[in-house]
Amino acid sequence: MGKTLIKNARVINEGTQQLCDVLIQDKLIQKIGREISANGATVVDLNGNPLLPGLIDDQVHFREPGLTHKGTIATESRAAVAGGITSFMEQPNTDPQTTTIEKLEAKFALAANSAYVNYSFLFGGTNDNLEELKKLDKNACSGIKLFLGSSTGNMLVDDEAVIERIFSSTEMVISAHCEDEQTIRKNLAEYRERYGDDIPMKYHPVIRSEEACYLSSSRAVALAKKTGARLHVFHVSTGKETQLFRNDIPLEEKKITAEVCIHHLWFAQEDYESKGAHIKWNPAVKSADDRAQLWEALLDDRIDVLATDHAPHTLQEKDNVYTKAPSGGPLVQHALPALLENYHRGRLSLEKIVEKMCHNPAKLFQIKKRGFVREGCYADLVALNLDDPWQVKRENIAYKCGWSPFEGNTFRSKITHTFVNGHLAYENGNFSDKRNAERLTFDR
């Protein structure tokens with residue numbers, strides 16, 4: 001691959017900003033310093049603009065195999081490149097579901113031939129695959145996924161004895177979707193009786209309520225404490241749930257961690273009026289007060305990771321009545337620009353974005369040589385122009401589904417360069433056709 005020399009970069013890494021050069025040799029960062037020279041290197045001059053580690057998204061649904069009319073590993077990982085995401089962890093609720101080691105390795109084979117960014121997958125736990133789960137090598141994939149409430153593609157695990165056995169049977173991170181199924185079904189029945197299938201979308205956070213989220217996540221946290229399991233609670237959506245997590249010890253010492261997603265930090269209940277099913281997610285986008293409390297928990301480190309829960313559906317699927325419109329939306333291309341709006345508003349520093357989207361996912365999942373701008377690490381890097389406004393339009397959306405909940409938004413910041421394993425995969429709106437992605441490896 002040769003050498004690339006990034007000049008005059010404002011490197012955002014490990015809580016600091018430093019103006020320096022970065023020399024890439026093949027796939028790795030070879031040297032970081034001032035006034036580096038390298039004969040024969042391709043030079044990229046950033047003129048003092050920020051350079052971040054590539055983002056690691058710990059929760060995406062790329063829809064392959066089986067649901068490829070919505071998206072594929074190729075289309076959605078290409079969109080991720082444009083969003084500065086250089087590594088992803090994909091979820092098991094595809095068709096077939098990723099609930100055996102054979103199906104897990106089949107997904108890795110798909111990604112090896114199609115992914116534009118680095119990849120791993122979560123292994124799905126079910127009510128009846130504990131023995132298969134026990135055979136899984138702890139370094140084989142990013143972790144275990146449990147749906148403790150049903151969502152799109154039903155993999156509900158609702159046998160409490162099974163859940164406890166899973167928690168007691170693995171050293172791997174158990175990532176959990178936490179919503180109480182009985183509460184949701186009771187609420188849905190009430191609103192269906194009132195409205196039929198055409199329930200106004202504004203009632204989504206009432207049906208999939210704060211109570212439903214807190215009941216499930218508090219039980220999962222209590223069980224993790226009882227069993228000593230390593231629990232990671234996905235997409236926390238309520239202020240009440242943030243009280244379950246702690247910030248008085250370093251991330252490396254935490255056995256119970258939490259993630260928040262971009263949409264729960266951006267949208268709020270009043271946005272259903274204009275956005276409708278386009279912001280229908282599970283768990284639901286909730287009140288502005290919940291959003292404020294999520295921000296507080298993110299900034300004080302009770303919440304450890306920022307992610308997208310990228311989950312595309314076609315517009316035809318979305319434009320249905322409430323009970324038929326699936327939950328989820330595309331986000332990997334626009335997550336970082338949306339976060340950078342909060343940087344411009346003074347709410348979030350560049351260092352905190354890097355901590356929550358690069359360093360912490362790497363630490364939490366024990367990913368080898370990624371998530372940092374360090375000599376010897378893989379050259380997964382993202383350059384920004386913080387002052388180059390652009391509008392999200394259909395013609396610049398990279399998702400296969402062709403739409404975004406951010407359509408019409410003008411973002412002030414732009415991603416200018418994305419490097420994947422040293423290869424310039426994206427530059428100023430132009431994609432490289434070359435694939436240079438690798439399977440994520442772990443050090444557990």
Side-chain angles (χ1 to χ4, degrees), residues 1-56 78 80-87 116-118 333 335-337 339-340 343-344 348-359 362 368-390 411-438:
M1 194 187 302
K3 295 180 183 179
T4 301
L5 179 58
I6 303 174
K7 298 287 290 182
N8 303 307
R10 179 154 57 103
V11 173
I12 317 296
N13 188 61
E14 298 181 86
T16 68
Q17 299 192 20
Q18 182 182 2
L19 191 66
C20 56
D21 302 339
V22 177
L23 178 62
I24 300 167
Q25 172 75 54
D26 298 323
K27 297 178 181 182
L28 303 178
I29 297 170
Q30 186 182 72
K31 189 175 181 182
I32 302 169
R34 293 303 305 271
E35 304 300 330
I36 297 174
S37 59
N39 291 334
T42 300
V43 176
V44 177
D45 194 333
L46 294 188
N47 298 305
N49 282 323
L51 183 70
L52 283 55
L55 276 54
I56 301 170
R78 187 172 178 269
V81 168
I85 292 167
T86 58
S87 299
Y116 284 92
V117 299
N118 306 306
Q333 184 181 358
L336 181 54
L339 284 175
L340 290 167
Y343 161 76
H344 288 297
L348 188 66
S349 68
L350 297 177
E351 293 90 336
K352 187 62 80 171
I353 292 173
V354 167
E355 177 190 327
K356 301 295 184 180
M357 294 200 81
C358 309
H359 302 338
K368 282 185 183 176
K369 298 201 296 188
R370 301 191 192 277
F372 297 87
V373 185
R374 290 176 181 165
E375 292 176 2
C377 279
Y378 288 102
D380 297 337
L381 300 164
V382 179
L384 309 175
N385 184 334
L386 293 173
D387 199 12
D388 187 8
W390 61 288
F411 290 132
R412 184 168 162 183
S413 301
K414 190 175 279 183
I415 292 149
T416 59
H417 302 75
T418 304
F419 292 85
V420 179
N421 298 316
H423 170 61
L424 184 55
Y426 177 84
E427 182 178 14
N428 293 315
N430 298 307
F431 295 88
S432 168
D433 289 332
K434 179 181 175 182
R435 291 185 175 91
N436 197 48
E438 293 192 357

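Each residue takes its place number in the sequence, starting with 1. Side chains are part of it too, since the values below use all heavy atoms of this structure and drop only hydrogens, waters and symmetry mates.
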[X]: what forms a side-chain hydrogen bond (donor to acceptor under 3.5 Å, both in side chains) with it, not counting sequence neighbours?
| X | value |
| --- | --- |
| Asp388 | Lys414 |
| Ser413 | His344 |
| Ser432 | His423 |

Which pair of heavy atoms, one from [X] and one from [Y], lies closest together, and at what distance?
| X | Y | value |
| --- | --- | --- |
| Ala437 | Val420 | CA-CG1, 4.4 Å |
| Leu46 | Ala9 | CD1-CB, 3.8 Å |
| Ala80 | Val117 | CB-CG2, 4.5 Å |
| Cys358 | Gly54 | SG-O, 3.8 Å |
| Tyr116 | Lys434 | CD2-O, 4.3 Å |

Holding to salt bridge (Lys or Arg N to Asp or Glu O under 4.0 Å), I want the full list of residues that pass it with [X], two or more places apart in sequence or in another chain.
| X | value |
| --- | --- |
| Asp433 | none |
| Arg78 | none |
| Glu355 | Lys352 |

How long is the straight-line distance from [atom2] of [Y] back to [atom1] of [X], given to the nearest 0.5 Å?
| X | Y | atom1 | atom2 | value |
| --- | --- | --- | --- | --- |
| Ile415 | Leu340 | CD1 | CG | 7.0 Å |
| Asn436 | Asn118 | CG | CG | 8.0 Å |
| Leu384 | Ile12 | CG | CD1 | 8.0 Å |
| Ile6 | Ile29 | CD1 | CD1 | 8.0 Å |
| Thr42 | Leu424 | OG1 | CG | 9.0 Å |

Report the residue from Val81, Leu381, Val22 that forms a side chain to side chain contact (heavy atoms under 4.5 Å, CB included) with Phe419.
->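 Result for side chain to side chain contact (heavy atoms under 4.5 Å, CB included) with Phe419: Leu381.
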
Report the residue from Val382, Val11, Val44 that forms a side chain to side chain contact (heavy atoms under 4.5 Å, CB included) with Leu51.
->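 When Val382, Val11, Val44 are each tested with Leu51, the side chain to side chain contact (heavy atoms under 4.5 Å, CB included) holds only for Val11.
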
Spell out, as yes or no, whether a donor-acceptor pair under 3.5 Å connects the side chain of Thr416 to the backbone of Ala383.
->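 Yes: the side chain of Thr416 pairs with the backbone of Ala383.
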
Without swapping roles, check the side chain of Asp380 against the backbone of Asn421 for a donor-acceptor pair under 3.5 Å.
->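 Yes; judged by distance alone, with no hydrogens or angles, the pair exists.
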
Would Met357 and Leu339 satisfy side-chain contact (heavy atoms from CB on, under 4.5 Å), going step by step from the backbone distance to the final call?
-> CA-CA 11 Å; Met357 294 200 81; Leu339 284 175; 3.3 Å; yes

Can you tell me which residue pairs pass the salt bridge (charged side-chain N to carboxylate O under 4.0 Å, His left out) test with a partner in residues 415-424, sequence neighbours excluded?
->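 Qualifying pairs, neighbours excluded: none.
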
Please collect all salt bridge (charged side-chain N to carboxylate O under 4.0 Å, His left out) contacts where either partner lies in residues 416-430, sequence neighbours excluded, each pair once.
->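 Matches after skipping sequence neighbours: none remain.
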
Would you call Lys369 and Glu438 a salt bridge, taking side-chain N to carboxylate O under 4.0 Å as the test?
->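 A salt bridge is absent here (no side-chain N lies under 4.0 Å from a carboxylate O).
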
Please identify each residue that fulfils ring pair (Phe, Tyr, Trp, His ring centres under 6.0 Å) with Tyr426, with sequence neighbours left out.
->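 Once residues adjacent in sequence are excluded, the partners of Tyr426 under the ring pair (Phe, Tyr, Trp, His ring centres under 6.0 Å) criterion are Phe431.
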
Who passes ring pair (Phe, Tyr, Trp, His ring centres under 6.0 Å) against His359, sequence neighbours left out?
->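 Expected list: Phe372.
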
side-chain contact (heavy atoms from CB on, under 4.5 Å) between Asp387 and Arg412: does it pass, once the steps are laid out?
-> CA-CA 6 Å; Asp387 199 12; Arg412 184 168 162 183; 3.4 Å; yes

Could you list the donor-acceptor pairs under 3.5 angstrom formed between side-chain atoms of residues 30-41 and any protein atom two or more places apart in sequence or on another chain?
residue, atom, partner, partner atom, Å
Arg34, NE, Leu19, O, 3.4

Mind checking whether Val354 and Val373 have side chains closer than 4.5 Å, heavy atoms only?
->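 Not in contact.
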
Could you walk me through whether Tyr378 and Thr86 pass the side-chain contact (heavy atoms from CB on, under 4.5 Å) test, one step at a time?
-> CA-CA 11 Å; Tyr378 288 102; Thr86 58; over 6 Å; no

Sequence neighbours excluded - side chain to side chain donor-acceptor pair (under 3.5 Å) pairs with any residue from residues 8-21 =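 Of all non-adjacent pairs touching residues 8-21, those that pass side chain to side chain donor-acceptor pair (under 3.5 Å) are Lys7-Asp21, Asn8-Asp45, Arg10-Gln17, Glu14-Arg374, Gln17-Glu351.
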
